[in-house]
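Since the structure is predicted, the reported quantities are computational estimates derived from the model, not experimental observations. Letters go in sequence order (proteins before strands), and every chain restarts at 1.
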Amino acid sequence: MLPDQLLFAMEVTLNGLMAGVMYALVALGFVLIFKASGIFNYAQGVLALFAALTLVGLQNGQIPFAHLINATFGTKLHHFGWTLPSVVAIALTALVMVGLAYLIERLVLKHLVNQEPIILFMATIGLAYFLEGLGDVMWGADIKKLDVGLPQGISESIESVTDAWFGYGFFIDKLDVVAALVAAALVAALTLFSQYTKYGRALRAVADDHQAALSVGISLRFVWVLVWSIAGFVALIAGIMWGTKSGVQFSLSLIALKALPVLMLGGFTSIPGAIVGGLIIGMGEKLFEFFAGPLIGGATENWFAYVLALLFLVFRPQGLFGERIIERV
Amino acid sequence: MNAMDIEAAPAAADAPRIGGVLMEMRNITLRFGGVKAITDISFDIREGEIRAIIGPNGAGKSSMLNVISGFYVPQEGEVWFKGKRRPQMKPYEVAQQGIARTFQNIALFEGMSVLDNIMTGRLTLMKTGLWSQALWWGRAQAEEVEHRAKVEKIIDFLEIQHIRKTPVGRLPYGLKKRVELARALATEPKLLLLDEPMAGMNVEEKEDMCRFILDTNDEFGTTICLIEHDMGVVMDLSDRVVVMDYGKKIGDGTPDEVRSNQAVIEAYLGVQHD
Amino acid sequence: MFDERPPAATETLLEVNNIEVIYNHVILVLKGVSLHVPKGGITALLGGNGAGKTTTLKAISNLLQSERGEVTKGSILYRGERVQDLDPATLVRRGVIQVMEGRHCFEHLTVEENLLTGAYTRTDGRAAIMDDLEMVYTYFPRLRERRKSQAGYTSGGEQQMVAMGRALMSRPEMILLDEPSMGLAPQLVEQIFEIVRAVNEGEGVTFLLAEQNTNVALRYAHTGYILESGRVVMEGSAQELRENPDVKEFYLGMSDKGRKSFRDVRSYRRRKRWLA
Amino acid sequence: DLVVPNLSYRTGPFAAGGIPYADGFQDYFTLLNERDGGIGGEKVLTPECETAYNTEKGVECYEATKGQGALVYNPLSTGITYQLIPKMQADGITLYTPGYGRTSAANGKVFEWVFNYPANYWDAASVAVKYLLDENGGSLEGKKIALLYHNSAYGKEPIRTLEELSEKHGFELSMLPIDSPGQEQKSQWLQVRREKPDFVVFYGWGVMNSVAIQEAANIRFPMENFIGIWWSGSENDVIPAGAGANGYKSLTMHGVGSDYPVYADLKQYVHDAGKAAGDGSNVGTVLYSRGMYAAMVIAEAIRKAQELAGTSAVNAAQVRDGFEALEITEARMEELGLPDFGQPFAASCEDHGGPGMARIQQWDANERKWTLISDWIAPDDEVLTPLVMEDSAAYAKEAGLTERCN
Amino acid sequence: MLYREAGEFKTSYAQDSQTFPIWWDRLWYQVALVVGFLVLPFFMTDYWANAVFVPFLIYAIAAIGLNILTGYCGQVSLGTGGFMAVGAYAVYKLMTSFPEVSIVIHVILAGGITAAVGVLFGLPSLRIKGFYLAVATLAAQFFLVWLFNKVPWFYNYSASGQITAPERTLFGIAVTGANTPAWAKYLFCAVFLFALAWIARNLTRGTIGRKWMAIRDMDIAAEIIGVNPLAAKLSAFAVSSFFIGIAGALFFAVYLGAAEVGEAFGIQKSFLILFMIIIGGLGSIFGSFAGAAFLVLLPVFLKNVLVGGLGWPSDLAAHIELMILGGLIIGFLILEPHGLAQLWRVLKEKLRLWPFPH
Ligand SMILES: Nc1ncnc2c1ncn2[C@@H]1O[C@H](COP(=O)(O)OP(=O)(O)OP(=O)(O)O)[C@@H](O)[C@H]1O
Ligand SMILES: Nc1ncnc2c1ncn2[C@@H]1O[C@H](COP(=O)(O)OP(=O)(O)OP(=O)(O)O)[C@@H](O)[C@H]1O
Ligand SMILES: [Mg+2]
Ligand SMILES: [Mg+2]
């Protein structure tokens, strides 16, 4: 039998890896957009929130903008009175995300072609504000429960198997296992897409040089709608996972902050980097909290993730898997 | 020689223009991963001369300048400057030694005006501390004015008075090149490295540029090492020419020697047109 | 080398009528430029720095918008149709592609991937694209050697080849070529112009090329325009231009006694007559 | 008119808690206006100002509303409370912070303008421990209690108290901070798995609550050993965890459910009349009741002030006197249609904190409702009073105040 | 013509490099000073001071600070909130430990301490660039907030970790604490802002400013022409943090009076100040003012219009306010990516040409 401390450490490590997968789901959306357009999309977290809100709203048959309508016309609307099956609601939400991508391109990105990265970054922050307000106005600011039928709670099978092996049943959340599977599938699909298809190449070309991409006939509009749609879809998945875990409301958008160190460590442009970064960050912060937390007062996760990423960066300034930064004169 | 003073008499006319060896590259080899950009190249630059480096695209010419600037660190070989072996240096330390340069793909500070760009050339020479600058008292202002006066002379010299206050981002290409030269001159260099100073210019502008280069060389005795693809310019201006191809040196000598070198003709010049 | 060729055709492919271009709502750069580019020909757009050559090309390919520039007057007709309001991608699909000044390669893509992006708008199948890739590699053997390197790390000349090759990959009807010779070794300049000619003759591609290197440009072009400060100051067949004394002096660097040495131009020159 | 600004938060990370509270607060005053024509014949105005739980916006709201003749503030945020204490002291306006805010404000000798009766954070910690003592036959010797808390001023408040209590009762205390907003609590709950505390005392707010309850259910921590403070015991917190939340306990300082006579009036005069502040879905929920309770106490204090001043149009200083002289008896609560809803209390010059009692409620996931499972439990004043004195004395020293009531 | 420079000739280089070379600008500047220092204080009410002017002045200081780092030196930082916290906690510790020393000195020292911390966190900037650096500065943000929350020494062991500013006077008038008159708050901050803006202007037009800008525009080229990147970047971090530290100190001591680190100096603050400089204009001191004014005024204005004017429920108004703010940010960026300052410059250029269109 292994000593307790080691068993705990193993459990923490496993859970850290799982948490990392959850972060990576958010980071993936960032990577996609950055890769394809050089835009550091701060709104990714809000996108996840917006997707989750829309999903819950559709599922429960909420009337969008009910509050606004009630306030202006003195009506008392709230629900249509129907509920939608999860699959239908998810499909509809995905459509909404595509529509949103289209609008974002139409109203924002189109006018910012060829601007410096920081300007685009700012624009996504504006977008984040806007979407956050919009989400609230559309669906209300109260906390909502999201249930699309994903399993949740301790996985008994893992517990009993590990109990048989080590004499100690590990705790793993079923939801995390699902998230890990989904993330693996997403990463594989997206990597293949970006590396080996014509559109994937176009995405990367746009990231490098907007003007040159235009000049060879790549339609920025198409590429951007495409990539924002994909990112919206990834956000929807992240929103489902996180929403199931912690309910749907404003704070969901803050998961973006958990994705940033992941991104930084994995590299802004690498899809596999998002996953590997997520795993390292998740594991690192949980282990640190577990061992050092009690000594220095706990709640270290937020900053430790960043410090960990920073340490990696000092040795590899472009992240573990990031593209080499081309420095020439 | 810190005599960027325009009024100061140029080097005595009868003294030989070209002096001893100023810089020497010994057996330089530079690799990027698998790519060998420079293979075992040696050559020297004499004080006061105009030395050209020519060669086909990708031969490693710019890389050679980068080695001199300290931006690339060669895997093998030594750099000798003013008779001493130069230890490995950061690019800014190299600049402080009196080596200035321009860049192949113009590297001006796009967000600043022409004047400010040229003033950056004086940075290594300005000495006031943070405090004095913060308060804009005493030394800071006096120094600013002093250096401004020097810069104005360079501006006059290169005939760019009218665009002094224009942000460089808006300038046409040819003027940008000229501003870049001004910035390099502002550092009062001992050795001036020019990476394709005349690329993208028409004949008229090339003529102007040649005039500036020759004047700089003449009046301040600045040693110049230039990379250029226009053979007319190279042949007319330079005292000696190094020819590179695929990272190797295939020729070195006076323009006439090089022009008639069969290897050079094959690798680079091709058939002569004019 | 000066083989006199008659202009290949007389039909006008592209017509630019008296356009004005303003940047940032305030900077007026083109002050009424008109061009007629004959189908199947090579037309050179000459002029000094800042004359507006690049701006003209970008106005045609509609890349201006992304630089906060706009065409405020005049019209641009391609095969008789107004193309001012199309987006650049549509224009590429219609056969007009631009090779931008300063190369603009996709730094993080490999050389081969760069070339493949040129075929983005094509729908004629992978095999045809691969054939053309092969063709580009035959034109530019150096690229074949470096096909797997990131374009950002290739030398200036190599990048120019990538940019040219990339444009060829789109199987264009017309190429707008901006300063193809910039920064290239003389041999390569010749080579690139030879390729231009080969493509022009072999595939019937029309070229509108902006050049500083008047000497070479006029040797390969059929017709030419000279632009100064946003206006066309001279136009004509390549031969006429070549023989014009002003062009000789200011653009070809020739005096009555043949080529001047760059060492001798130090003392002063007269100004151009038309700028008086 | 009587102006009682409602600094609420219906947006931002804590909106889910802020909305029902603000509704209850607003609705009660609407009821008074509609049914009784206000308080003592004076209508009550409750201009609402959105703070989003953000201190700067809170200050802006305060400055924007104080000029309208504001009598008393109840910002429902510890951060904003800290901000306002010195300002309101200077401006002479009462700050009423039931169940939150600065605990040592219970000492009226130092905090002339602040009232936090009937109970505060430290009371809560003490009541929770008392309850556990009762459950464990009067001794916690050798037991382990973990404090799981919102890593902010609010969550850190009970630490001192619990430390003292752990010394007194011999239980082992461990600390598990959670950073706001607290969507990720894996580490904390793994820590719980490792340390196996007998009880977890919980000071959370916002999403942190529901996530904690969910995670506790996930690791199969026995819910009956998991006790939240009254800010971690609303329907919002338990419903998301579904059946897993069954048996979760929390403190409360007032009754639950809508079986009180006042709700009939609320329905008649407010909701059915279309004058409700929200969409009406929150009526009878824990936080709605709490908002209403706070409004009720404020109304009573104003009534008292009118009585003392002999005029119905009281000013801010008179309202403060009303607060200080306020006495709420069981009989009065009955009159108000809230029999046995809150604890009776009487304030005085020294005592701005009330008796500090609380009851325990438990969640029934099948019925989806809270049930009270204990009677009023009094805190351990022997431990708390010295702490209050110490902290208020420190404040008095820092702010250069001299004690009153002597 | 409303605005012109014709007829103004410069006869010395010093004159040519003055801050407002054009007479009209100089006039406006002087009018603003007179109004700011001699008129406004007499009309200052609590509301205007606390809701508008004091936050504006303090944010303007922070924005100038960040603009030095981001706008002039090109290093994007998201650690502003954390650095403001350093200033706040430094001034708190100084005020409570040395009550007899003048508050002015405390505030300046707080800036100095922040500068030191800033340099420390600026070290990675030598290797890490662009957005990677921006994200890396978040390490500072989160770590500092955690530190001040965790170590009781910083908040003098108070039960809740809140810090409260004791009353301090200057020339016998309270400038911190609850009894401070509105005008005193305002003037105290205004003087700091004026002095700091003036210093910032001096630094950015001189040698050091050029070094920063060179690094910003093209760091490799800057190094090759002789700028020591380490020194330039670290000095930018130091100066910037000095400003931000002072802003943090004033924010806590004068404006809020009490603060809790996570809440007052959280990541939102970092973003807010970054917005200010981008909307105002990167690399422009005027832009820092404009951006701060815009983002302080806009929410107050919207709130007054939506709730006060249109009578909407406050929550709906708050949500719509978010949408409008987001929309405006995007709108501004589309209209003029280089911020209000550039908008202003273009306007002036147009005025100069007026009535001719080009
Ligand atoms: N930082 C780098 N990393 C990898 N390869 C590089 C790097 N810099 C240069 N190279 C390679 O080294 C070779 C020489 O490049 P260099 O830029 O020195 O050529 P050049 O002689 O200046 O050519 P040109 O005349 O086209 O400018 C090229 O093949 C180039 O791709
Ligand atoms: N984006 C822009 N904003 C403002 N002005 C511009 C912009 N682009 C070009 N200009 C100005 O327009 C004029 C014409 O520029 P253009 O690039 O078209 O010249 P060119 O003939 O191509 O010159 P070169 O031979 O140097 O490439 C120049 O004066 C230039 O400063
Ligand atoms: Mg080169
Ligand atoms: Mg051009």
Side-chain angles (χ1 to χ4, degrees), chain A residues 34 40 42 67-68 71-72 107-108 110-112 115-137 140-141 254 257 260-261 263-264 267-268 296-300 302-310 313-315 317-319 322 325 327-329, chain E residues 70 74 76 78 123-124 126-147 149-151 218-221 224 267 271 274-275 278-279 282 311-313 315-335 337-339:
Chain A
F34 192 83
F40 187 89
Y42 181 73
H67 191 22
L68 182 64
T72 12
L107 301 176
V108 185
K110 188 177 136 192
H111 306 283
L112 290 171
Q115 292 298 345
E116 289 149 51
I118 183 148
I119 304 291
L120 293 164
F121 167 61
M122 260 312 284
T124 65
I125 294 178
L127 185 67
Y129 275 19
F130 185 86
L131 283 181
E132 194 184 311
L134 182 70
D136 281 349
V137 174
L254 301 179
L257 292 178
L260 295 185
L263 209 58
M264 186 161 116
F268 285 179
I296 58 172
T300 56
N302 272 347
W303 64 265
F304 185 74
Y306 283 95
V307 170
L308 186 65
L310 188 61
L313 277 200
V314 169
F315 295 101
Q318 71 278 34
I325 297 168
E327 288 199 329
R328 289 194 61 179
V329 282
Chain E
T70 304
V76 183
L78 289 173
L123 283 174
L126 201 60
R127 271 187 66 76
I128 304 172
K129 291 175 185 169
F131 281 118
Y132 286 98
L133 178 68
V135 179
T137 53
L138 281 176
Q141 170 69 47
F142 286 112
F143 177 75
L144 291 169
V145 165
W146 176 86
L147 186 72
N149 195 6
K150 242 340 110 163
V151 182
M218 199 171 266
D219 54 351
I220 300 173
I224 291 177
I267 173 121
F271 277 116
L274 186 66
F275 294 172
I278 296 180
I279 289 193
L282 288 171
W312 279 4
D315 56 336
L316 198 55
H319 296 149
I320 299 223
E321 197 185 303
L322 266 184
M323 291 174 64
I324 295 180
L325 188 63
L328 275 179
I329 291 178
I330 296 175
F332 261 118
L333 292 176
I334 290 174
L335 184 68
H338 298 105

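- Between the CG atom in A:Leu260 and the CD1 atom in E:Ile267 there is a gap of 7.5 Å [rounded to 0.5 Å].
- Heavy atoms of E:Leu133 lying under 4.5 Å from chain A are absent altogether.
- Interface residue A:Ala123: backbone and side-chain heavy atoms are both found under 4.5 Å from chain E.
- Contact annotation for A:Phe315: only backbone heavy atoms (N, CA, C, O) come within less than 4.5 Å of a heavy atom of chain E.
- We find the OG1-CD1 distance between A:Thr124 and E:Ile329 to be 10.0 Å, quoted to the nearest 0.5 Å.
- Taking each heavy atom of E:Ile330 and A:Leu127 in turn, the nearest pair found is CD1-N, 3.6 Å.
- No donor-acceptor distance shorter than 3.5 angstrom exists from the side chain of E:Arg127 to the backbone of A:Leu313, with no hydrogens or angles considered.
- Both the backbone and the side chain of E:Pro337 come within contact range of chain A, with heavy atoms under 4.5 Å apart.
- Taking every heavy atom of both residues into account, E:Tyr132 and A:Gly267 meet most closely at OH-CA, 3.4 Å.
- Counting heavy-atom pairs closer than 4.5 Å to chain E, the top-ranked of the candidates A:Phe40, A:Tyr306, A:Trp303 is A:Trp303.
- Between chain A and the options E:Gly326, E:Ala318, E:Gly130, E:Ala136, heavy-atom pairs under 4.5 Å are most frequent for E:Gly326.
- Proximity to chain A is limited to the side chain of E:Val76, based on heavy atoms less than 4.5 angstrom apart.
- Residues E:Ile279 and A:Met122 have side chains in contact (heavy-atom distance under 4.5 Å, counting atoms from C-beta outward).
- Shown are A:Val137, A:Asp136, A:Leu134; of these, the side-chain contact (heavy atoms from CB on, under 4.5 Å) with E:Ile320 is made only by A:Val137.
- Counting heavy-atom pairs closer than 4.5 Å to chain A, the top residue among E:Leu322, E:Leu282, E:Leu123 is E:Leu322.
- One distance of note links OH of A:Tyr42 with CZ of E:Phe271; it measures 4.0 Å at 0.5 Å rounding.
- Among E:Trp146, E:Phe143, E:Phe275, E:Phe142, the residue with the largest count of heavy-atom pairs under 4.5 Å with chain A is E:Trp146.
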Step-by-step side-chain contact (heavy atoms from CB on, under 4.5 Å) determination, E:Lys150 to A:Ile296 = CA-CA 8 Å; E:Lys150 242 340 110 163; A:Ile296 58 172; over 6 Å; no

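- Nearest heavy atom pair, residue A:Leu310 against residue E:Pro124, reads CD1-CB, 4.1 Å.
- Side-chain atoms of E:Val135 and A:Leu263, non-hydrogen and from C-beta on, never get closer than 4.5 Å to each other.
- Interface residue A:Thr300: backbone and side-chain heavy atoms are both found under 4.5 Å from chain E.
- For the residue pair E:His338 and A:Gln115, no side-chain donor N or O sits within less than 3.5 Å of a side-chain acceptor on the partner.
- With a 4.5 angstrom heavy-atom cutoff, A:Ile125 touches chain E only via side-chain atoms.
- Residue with the most contacts toward chain E among A:Ile118, A:Leu107, A:Leu131: A:Ile118 (heavy-atom pairs, distance under 4.5 Å).
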